[in-house]
Amino acid sequence: MMSGDGLVVRVRPRMARLTADQVLGLCDVAERFGNGTIDLTNRANLQVRGVAEDDHQALLADLAALDLLDAEPGVETKRNILVSPLNQDGDLTTRLANNLTARLGELPDIPAKFGFAVDTGPSRLLTSNSADIRLERGQDGLILRADGVPTGRLVTEDEAIDRLIELTQWFCKNYGTETRRMARLTRDLPLPSIWQGAAPDPVGLALQPGVADVGPIYGAPFGALPARALADLMQASKAIALRVTPWRLFILEGGTNVTTNAFVTTANDPLLTTDACPGAPFCPQAEVSTRDIALALAPKVAGSLHVSGCAKGCARQLPADVTLIGADGRFDLVKHGRAGDVPCQRGLTPETLMSMDLT
């Protein structure tokens with residue numbers, strides 16, 4: 001898709017994982033064809049930004065050589081699968097996600113953002129992330145749950161993907177132009193009782209930068225992965241793979257913990273609750289540069305911070321404790337709201353903001 005600084009090219013990692021060779025290859029692609037930064041999205045996808053239209057086909061050829069494209073584009077559009085990032089080789093999460101991936105061609109035509117979550121680790125981690133149909137653990141076994149409905153249907157592992165396809169078919173028979181997500185549909189249309197009744201397990205603790213069994217966890221400010229810094233970190237850690245998450249966190253599978261200034265390494269760092277769009281000059285709608293001021297202000301804000309280049313607020317849809325909106329080269333301030341809300345102060349300069357009490 002086109003952006004202010006060129007094309008944005010999305011890569012959907014299989015099983016939310018890239019091998020070390022694929023990571024190094026993608027970093028090279030981002031430096032040669034893009035702006036040198038890889039975006040980590042809230043759907044655990046990766047994006048190369050700033051690609052010239054004339055370079056698009058050459059970039060796709062390189063991605064194909066890295067085995068980062070599906071042979072069938074129609075299948076790739078359906079491969080919107082969130083996977084619990086702490087999975088172990090051959091465990092239930094891995095088996096279910098692989099089976100679902102293998103059968104994506106059996107799904108009916110679904111809306112572009114319709115997706116699935118395989119969240120069957122020791123505790124549920126993906127409940128706050130966007131997915132329309134979820135496979136989860138419950139007290140009595142494996143559960144298939146429609147998003148927006150508190151309980152699901154008990155299924156066996158052998159039948160889980162069959163039932164998932166059936167629930168997707170039910171959705172496709174009933175959704176409309178205003179109800180292209182499962183939670184919106186079930187809000188207006190009762191879900192048949194056969195799909196309800198079994199409660200999922202409690203939600204687990206959110207991941208933080210640190211060390212997990214599968215490898216060290218790092219944070220990416222604003223979801224930005226500088227390609228050269230990521231390549232250096234992969235090589236220094238000797239990781240065998242990169243696991244991506246929908247929380248601006250990534251895991252170096254099998255790697256050693258390496259000190260770095262390019263990424264977040266401590267839990268509860270304020271940058272992990274700070275949102276900022278690319279801003280000017282990378283977005284034509286943006287009226288200010290965003291990320292430098294966000295980096296400077298993050299330690300001064302006790303709660304969440306959102307810096308938006310314009311009133312659209314693309315980087316964050318939920319309210320933030322402090323929201324700054326670009327307007328004519330300055331910033332408007334919203335407290336406990338969204339970018340489109342009425343500001344309590346207007347026309348603030350970066351210097352004024354740095355001297356203000358924003359708590």
Side-chain angles (χ1 to χ4, degrees), residues 13 15-18 23 37-46 82-88 91 93 117-131 134 136-137 200-226 229-230 232-234 236-276 291 294-307 315-322 359:
M15 285 294 298
R17 180 182 186 273
L18 272 67
V23 175
T37 297
I38 301 168
D39 290 340
L40 174 56
T41 77
N42 61 8
R43 292 175 182 265
N45 291 320
L46 298 169
L82 287 179
V83 178
S84 183
L86 301 181
N87 62 84
Q88 299 286 346
D91 67 3
T93 295
V118 183
D119 197 10
T120 56
S123 59
R124 294 191 298 150
L125 298 176
L126 300 170
T127 53
S128 63
N129 301 107
S130 177
R134 301 174 183 273
E136 302 170 320
R137 287 188 188 271
D201 281 345
V203 178
L205 294 175
L207 292 190
Q208 291 279 359
V211 179
D213 289 343
V214 295
I217 304 174
Y218 295 86
F222 320 121
L225 302 168
L230 179 60
D232 290 344
L233 184 62
M234 286 291 298
S237 73
K238 296 181 170 54
I240 63 171
L242 174 79
R243 297 190 184 196
V244 293
T245 81
W247 311 298
R248 298 190 206 152
L249 300 173
F250 61 93
I251 304 172
L252 300 186
E253 181 184 329
T256 58
N257 199 17
V258 176
T259 301
T260 175
N261 294 321
F263 302 105
V264 175
T265 57
T266 56
N268 301 313
D269 189 298
L271 283 176
L272 295 180
T273 57
T274 299
D275 295 284
R291 290 186 172 172
L295 283 168
L297 289 176
K300 295 170 56 66
V301 177
S304 54
L305 169 65
H306 177 197
V307 182
R316 183 185 178 102
Q317 301 303 312
L318 296 174
D321 295 305
V322 174
T359 58

Closest non-hydrogen atom pair, [X] against [Y]:
| X | Y | result |
| --- | --- | --- |
| A44 | V244 | O-CG2, 3.4 Å |
| A220 | L225 | CB-CD2, 3.6 Å |
| A224 | R291 | CB-NH1, 4.0 Å |
| L126 | P246 | CD2-CG, 4.1 Å |
| A298 | P270 | O-CB, 3.5 Å |
| T127 | E136 | CG2-OE2, 4.2 Å |

[atom1]/[X] to [atom2]/[Y] distance, rounded to the nearest 0.5 angstrom?
| X | Y | atom1 | atom2 | value |
| --- | --- | --- | --- | --- |
| L249 | L272 | CG | CG | 6.0 Å |
| L230 | L242 | CG | CG | 6.0 Å |
| L18 | F250 | CG | CZ | 12.5 Å |
| D91 | S84 | CG | OG | 8.5 Å |
| L295 | T274 | CG | OG1 | 8.5 Å |

Hey, does [Y] have a side-chain heavy atom less than 4.5 Å from the side chain of [X]?
| X | Y | answer |
| --- | --- | --- |
| I217 | V211 | no |
| T273 | L305 | no |
| S130 | N42 | no |
| R124 | P200 | yes |
| L86 | D213 | no |

Open item on the list: Whether the W247 and N129 side chains hold a donor-acceptor pair (N or O, under 3.5 Å, no angle test) is what I'd like checked.
Closed with: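 Yes, a side-chain donor-acceptor pair sits under 3.5 Å.
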
Okay, side chain of [X], backbone of [Y]: is any donor-acceptor separation there less than 3.5 Å?
| X | Y | value |
| --- | --- | --- |
| D321 | S304 | yes |
| T120 | R137 | no |
| D119 | L125 | yes |
| Y218 | L252 | no |
| R17 | P85 | no |
| R43 | N45 | no |
| D269 | L271 | yes |

Quiz: residues 259-266 side-chain donor-acceptor pairs under 3.5 angstrom, not counting sequence neighbours:
| from | atom 1 | to | atom 2 | distance (Å) |
| --- | --- | --- | --- | --- |
| T260 | OG1 | A262 | N | 3.1 |

- [ ] Evaluate side chain to side chain contact (heavy atoms under 4.5 Å, CB included) for L46 paired with D39, printing each intermediate quantity in order.
- [x] CA-CA 5 Å; L46 298 169; D39 290 340; over 6 Å; no

- [ ] Can you tell me which residue pairs pass the side chain to side chain donor-acceptor pair (under 3.5 Å) test with a partner in residues 236-245, sequence neighbours excluded?
- [x]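 Side chain to side chain donor-acceptor pair (under 3.5 Å) check on residues 236-245 returns R243-E253.
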
